[in-house]
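One structure is given here, and the rest of the page talks about it.
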Amino acid sequence: MQKQAIGDQNLLNALTPRKETLTVSSNVATLTAPIGAVLQVIATAGSVTGPFSPIFAGTVATKQALVDRDAKTITFCTTDAVTECYVEYLEGFE
(Lines give C-alpha, C1' and ligand atoms only; values in the text may rest on other atoms or scores of the structure.)
Protein backbone atom coordinates (compact mmCIF):
# COMPACT_ATOMS: atom_id res chain seq x y z
CA MET A 1 0.00 0.00 0.00
CA GLN A 2 2.86 2.41 0.82
CA LYS A 3 4.41 1.85 -2.63
CA GLN A 4 1.10 2.72 -4.33
CA ALA A 5 0.77 5.95 -2.33
CA ILE A 6 4.28 7.02 -3.39
CA GLY A 7 3.44 6.25 -7.03
CA ASP A 8 0.21 8.25 -6.78
CA GLN A 9 2.05 11.24 -5.28
CA ASN A 10 4.65 11.12 -8.08
CA LEU A 11 1.83 11.17 -10.65
CA LEU A 12 0.17 14.13 -8.93
CA ASN A 13 3.48 16.01 -8.85
CA ALA A 14 4.01 15.32 -12.57
CA LEU A 15 0.54 16.61 -13.48
CA THR A 16 0.57 19.71 -11.26
CA PRO A 17 2.21 22.68 -12.97
CA ARG A 18 5.23 24.16 -11.22
CA LYS A 19 5.26 27.96 -11.16
CA GLU A 20 8.57 29.76 -10.71
CA THR A 21 9.78 33.33 -10.93
CA LEU A 22 13.47 33.19 -11.79
CA THR A 23 16.38 35.58 -12.03
CA VAL A 24 18.00 35.51 -15.47
CA SER A 25 21.79 35.78 -15.41
CA SER A 26 23.78 36.08 -18.66
CA ASN A 27 20.53 35.34 -20.57
CA VAL A 28 19.97 32.01 -18.75
CA ALA A 29 17.42 31.01 -16.09
CA THR A 30 17.83 27.74 -14.19
CA LEU A 31 14.75 25.86 -13.00
CA THR A 32 14.64 23.94 -9.72
CA ALA A 33 13.15 20.71 -11.08
CA PRO A 34 13.50 18.58 -14.21
CA ILE A 35 11.47 19.92 -17.14
CA GLY A 36 8.76 17.68 -18.58
CA ALA A 37 6.72 20.18 -20.61
CA VAL A 38 6.83 23.97 -20.70
CA LEU A 39 3.40 25.58 -20.50
CA GLN A 40 4.44 29.23 -20.64
CA VAL A 41 7.43 31.54 -20.35
CA ILE A 42 6.89 35.22 -19.57
CA ALA A 43 9.70 37.76 -19.33
CA THR A 44 8.78 40.01 -16.39
CA ALA A 45 11.81 42.33 -16.48
CA GLY A 46 14.30 43.39 -19.15
CA SER A 47 14.34 45.23 -22.48
CA VAL A 48 11.65 42.92 -23.93
CA THR A 49 8.87 41.63 -21.67
CA GLY A 50 5.72 39.57 -22.08
CA PRO A 51 5.10 36.03 -23.34
CA PHE A 52 7.91 34.20 -25.13
CA SER A 53 7.62 31.15 -27.40
CA PRO A 54 9.41 28.07 -26.04
CA ILE A 55 11.69 26.32 -28.55
CA PHE A 56 13.65 23.12 -27.97
CA ALA A 57 16.39 23.29 -30.60
CA GLY A 58 18.16 25.81 -32.81
CA THR A 59 19.29 29.37 -32.28
CA VAL A 60 17.16 31.49 -30.01
CA ALA A 61 15.68 34.64 -31.59
CA THR A 62 13.86 37.60 -30.07
CA LYS A 63 10.72 36.66 -28.11
CA GLN A 64 11.84 33.00 -27.97
CA ALA A 65 13.02 30.93 -25.00
CA LEU A 66 15.33 27.99 -25.70
CA VAL A 67 14.52 25.14 -23.31
CA ASP A 68 17.28 22.68 -22.39
CA ARG A 69 15.65 19.79 -20.52
CA ASP A 70 18.97 18.14 -19.61
CA ALA A 71 20.48 21.27 -18.06
CA LYS A 72 17.12 22.49 -16.62
CA THR A 73 17.69 25.90 -18.22
CA ILE A 74 15.90 28.46 -20.34
CA THR A 75 18.04 30.70 -22.54
CA PHE A 76 16.88 34.05 -23.92
CA CYS A 77 18.15 36.06 -26.89
CA THR A 78 20.92 38.48 -25.88
CA THR A 79 19.15 41.47 -27.44
CA ASP A 80 16.01 40.83 -25.34
CA ALA A 81 18.11 41.45 -22.20
CA VAL A 82 15.68 39.52 -19.98
CA THR A 83 16.58 39.78 -16.28
CA GLU A 84 13.60 37.99 -14.71
CA CYS A 85 11.05 35.49 -15.97
CA TYR A 86 7.99 33.55 -14.84
CA VAL A 87 7.76 29.94 -15.99
CA GLU A 88 4.98 27.37 -15.72
CA TYR A 89 5.98 23.79 -16.52
CA LEU A 90 5.21 20.18 -15.79
CA GLU A 91 7.91 18.41 -13.87
CA GLY A 92 9.80 15.70 -15.71
CA PHE A 93 11.85 12.81 -14.41
CA GLU A 94 15.62 12.58 -14.07
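Leu31 CG to Ile74 CD1: the interatomic distance, rounded to the nearest 0.5 Å, is 4.5 Å. Here the OG1-CG distance, from Thr30 to Leu22, works out to 8.0 Å after rounding to the nearest 0.5 Å. Atom CD of residue Gln64 and atom OG1 of residue Thr59 lie 9.5 Å apart, to the nearest 0.5 angstrom. Here the CZ atom belonging to Phe76 is positioned 10.0 Å from the OG1 atom belonging to Thr83, to the nearest 0.5 angstrom. The OH atom of Tyr86 sits 7.0 Å away from the OG1 atom of Thr21 when rounded to the nearest 0.5 Å. Between the NZ atom of Lys63 and the SG atom of Cys77 there is a distance of 12.0 Å, given to the nearest 0.5 Å.
Proximity of Pro51 to Val41: side-chain heavy atoms (C-beta onward) are nowhere separated by under 4.5 Å.
In the hydrophobic cluster analysis, where Ile, Leu, Val, Met, Phe, Trp and Tyr join through side-chain heavy atoms closer than 4.5 angstrom, Val24 is grouped together with Val48. A continuous path of ILVMFWY side-chain contacts below 4.5 Å connects Phe52 to Ile35, so both sit in one hydrophobic cluster.
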> Going through the distances and angles, do Thr75 and Asp68 end up as a side chain to side chain contact (heavy atoms under 4.5 Å, CB included)?
Replying inline: CA-CA 8 Å; Thr75 302; Asp68 184 333; over 6 Å; no
>> Show, in sequence, the C-alpha distance, side-chain angles and deciding distance for Tyr89 and Val67, and conclude whether the side chain to side chain contact (heavy atoms under 4.5 Å, CB included) test is met.
In response: CA-CA 11 Å; Tyr89 63 103; Val67 177; over 6 Å; no
>> side chain to side chain contact (heavy atoms under 4.5 Å, CB included), that's the test. Do Thr32 and Arg18 meet it? Break it down for me.
In response: CA-CA 10 Å; Thr32 59; Arg18 293 183 66 96; 3.1 Å; yes
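Between Thr44 and Cys85, the shortest heavy-atom contact is OG1-N, 3.7 Å. Residue Gly58 comes nearest to Leu66 through the heavy atom pair O-CD2, 3.8 Å, listed as atom of the first residue, atom of the second, then distance.
The closest side-chain donor-acceptor pair between Thr62 and Asp80 falls under 3.5 angstrom.
Remark: the backbone N or O of Gly36 is paired with a side-chain donor or acceptor of Arg69 at under 3.5 angstrom.
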